[in-house]
A.B. asks: 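Following this message is one structure expressed as structure tokens.
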Protein chains: 2
Amino acid sequence: MAPSLSTTSYALLSLLVIDGGTDEGLTGYELKQRADRTLRFYWVSPAMSHIYTELDRLSSHAFVRADEDTTGKRTTKHFAITPAGREALQSWLHTSEHEFPVLKHPIALRLMLGSMMGADEVRAMLDSYEEALVARRRELEAVREMLGDRDAVAYPARVADWGLAFFDSEASTIDRIRDSL
Amino acid sequence: MAPSLSTTSYALLSLLVIDGGTDEGLTGYELKQRADRTLRFYWVSPAMSHIYTELDRLSSHAFVRADEDTTGKRTTKHFAITPAGREALQSWLHTSEHEFPVLKHPIALRLMLGSMMGADEVRAMLDSYEEALVARRRELEAVREMLGDRDAVAYPARVADWGLAFFDSEASTIDRIRDSL
DNA sequence: CCCGGCTATTCCTAACTGGAACAGTATGCT
DNA sequence: AGCATACTGTTCCAGTTAGGAATAGCCGGG
């Protein structure tokens with residue numbers, strides 16, 4: 001029955017619910033910006049090309065409606081979620097198969113070969129990861145602050161807190177490993 | 001100069017250093033088993049077909065040597081890292097940009113839409129994630145125990161500890177979110 | 001008016017997944 | 001010994017996901 005879409009498809013659909021629910025939908029470009037701002041913290045930031053192919057797919061299932069805007073010389077498309085799309089999202093939320101998170105951690109991968117690097121280089125690597133982590137945390141903090149404690153966005157706020165906790169856990173792991181060298 | 005390989009290529013190369021360093025190399029099949037046991041905790045567990053294509057690629061760069069075993073009726077190939085391969089791995093460790101970790105978190109993604117699910121269903125989802133987390137943690141604990149506190153595997157042990165810390169952080173986040181519902 | 005940066009989309013290629021198909025090997029049972 | 005079964009090992013194919021570059025209109029300031 002329900003066509004099996006990829007998780008990223010549903011992620012985009014959920015962006016259309018959260019960010020594009022009120023007005024007349026978002027362009028692929030805008031969707032990319034929303035994804036870069038929030039989705040990337042707990043999923044991926046899909047490539048532009050990927051977003052457009054997913055939108056085509058969603059469109060073919062009538063889960064999104066594509067409104068062409070031909071006012072200028074260029075026709076741009078605004079995508080909005082349809083009732084069928086909301087239904088599909090609902091039934092996906094209810095399915096009990098919850099996949100386990102996947103962590104692709106290049107730093108841990110390199111740390112595995114620490115003996116080929118030497119303690120100094122390992123320390124330098126951890127330092128630069130810590131810096132990147134601080135920067136990334138600040139970006140997420142900004143998102144978190146924008147959410148505030150409004151009831152309407154209580155769940156997104158919880159997800160943001162989750163991300164912050166992850167960053168903090170990473171930071172303290174870095175400290176512990178550095179001390180162990 | 002250095003042909004740019006994917007991170008997964010280097011990950012497989014590092015498995016050949018760690019697991020296949022002493023004897024005469026590993027088969028693609030064995031490599032898959034090693035990957036399933038350790039690599040998946042901080043990177044991915046590549047599909048068999050992917051492993052073989054990467055081995056072909058590594059072979060074409062002479063970073064691995066393919067020894068054909070024709071003793072039985074079937075010829076199997078054992079792959080061992082070459083000095084050139086070690087060099088490539090070294091220079092990857094030293095030179096390349098350290099990408100930021102990517103976390104693909106289906107549970108967080110669904111939690112985002114918690115208001116479409118209702119508190120009970122959210123709780124159920126968190127419960128089942130917690131269970132999966134406990135199981136996964138146990139598997140990693142087993143790996144960690146096998147490593148012990150031998151100096152030779154001090155770095156892999158640190159990576160395993162990192163993974164355990166991540167699981168613990170996830171568990172406590174689940175608790176906190178459940179309390180907030 | 002033209003230059004640079006933003007908006008918007010498309011195309012091409014590479015990375016990666018999953019499944020099926022095929023075949024040899026080791027084991028344990030009757 | 002014969003046989004079933006599970007494990008080992010490899011290849012092929014079809015599809016999905018991802019990244020980069022190319023293209024082009026839009027929009028403000030000097």
A.B. asks: Hey, is the side chain of A:R57 poking within less than 4.0 Å of OP1 or OP2 on D:dT17, counting only N and O atoms?
C.D. replies: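 Yes, within the criterion.
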A.B. asks: Examine the base of D:dG25 for any acceptor or donor lying under 3.5 Å from a partner atom in the side chain of A:T76, and report the outcome as yes or no.
C.D. replies: no
A.B. asks: Could you tell me whether the phosphate oxygens of C:dA8, OP1 or OP2, come under 4.0 Å of any side-chain nitrogen or oxygen in A:Q33?
C.D. replies: no
A.B. asks: Does A:R136 make a cation-pi contact with B:F100 (under 6.0 Å, within 45 degrees of the axis)?
C.D. replies: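 A:R136 over B:F100 ring: yes.
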A.B. asks: Contact class for A:T53 vs. all strands (heavy atom < 4.0 Å): base, sugar-phosphate, or nothing?
C.D. replies: nothing
A.B. asks: I need the CG-P distance between B:D56 and D:dT11, as an integer number of Å.
C.D. replies: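 Distance check: B:D56 CG to D:dT11 P gives 7 Å.
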A.B. asks: How many Å lie between CG on A:D67 and P on C:dA8, as a whole number?
C.D. replies: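 My rounded result for the distance is 14 Å.
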A.B. asks: Using whole Å, what does the distance between atom P of nucleotide C:dA14 and atom NE2 of A:H50 come to?
C.D. replies: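 Taking atom P of C:dA14 as the reference, NE2 of A:H50 is at 19 Å.
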A.B. asks: In whole Å, what is the span from the CG atom of B:D36 to the P atom of D:dC7?
C.D. replies: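 After rounding, the gap between these two atoms is 14 Å.
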A.B. asks: Quick check on C:dT7: is either OP1 or OP2 less than 4.0 Å from any side-chain nitrogen or oxygen of A:Y29?
C.D. replies: yes
A.B. asks: Would you tell me if any nitrogen or oxygen in the side chain of B:K77 comes within less than 4.0 Å of OP1 or OP2 on D:dT11?
C.D. replies: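 Yes, such a contact exists.
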A.B. asks: Would one find more than 12 heavy atoms of other residues, nucleotides or ligands at under 6.0 Å from atom CG of A:D151?
C.D. replies: no
A.B. asks: At less than 4.0 Å, is any side-chain N or O atom of A:S6 found next to OP1 or OP2 of D:dT17? Yes or no.
C.D. replies: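 Checking D:dT17 against A:S6, a side-chain N or O does come within under 4.0 Å of OP1 or OP2.
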A.B. asks: Take atom CD of A:E99 and atom C1' of C:dT17, then tell me their distance rounded to the nearest Å.
C.D. replies: 14 Å
A.B. asks: Taking donor-acceptor contacts at under 3.5 Å, does the side chain of B:T27 reach the base of D:dG9?
C.D. replies: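 There is none.
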A.B. asks: Output yes when at least one side-chain N/O atom of B:Y52 is less than 4.0 Å from OP1 or OP2 of D:dT10, else no.
C.D. replies: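 Answer yes for this pair, as a side-chain N or O of B:Y52 is under 4.0 Å from OP1 or OP2.
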A.B. asks: Given side chains that start at C-beta, do those of A:R137 and A:V134 come closer than 4.5 Å, heavy atoms only?
C.D. replies: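 With C-beta onward as the side chain, the pair stays apart.
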A.B. asks: What is the ring orientation for A:W162 with B:H105, classed by angle as parallel under 30°, tilted 30 to 60°, or perpendicular over 60°?
C.D. replies: perpendicular
A.B. asks: Could you say whether B:G28 or B:K104 is positioned toward the 5' end of DNA chain D, judged by the nucleotide with the nearest heavy atom to each?
C.D. replies: B:G28
A.B. asks: Are the side chains of B:I177 and A:D161 in touch, meaning some heavy atoms are under 4.5 Å apart?
C.D. replies: no
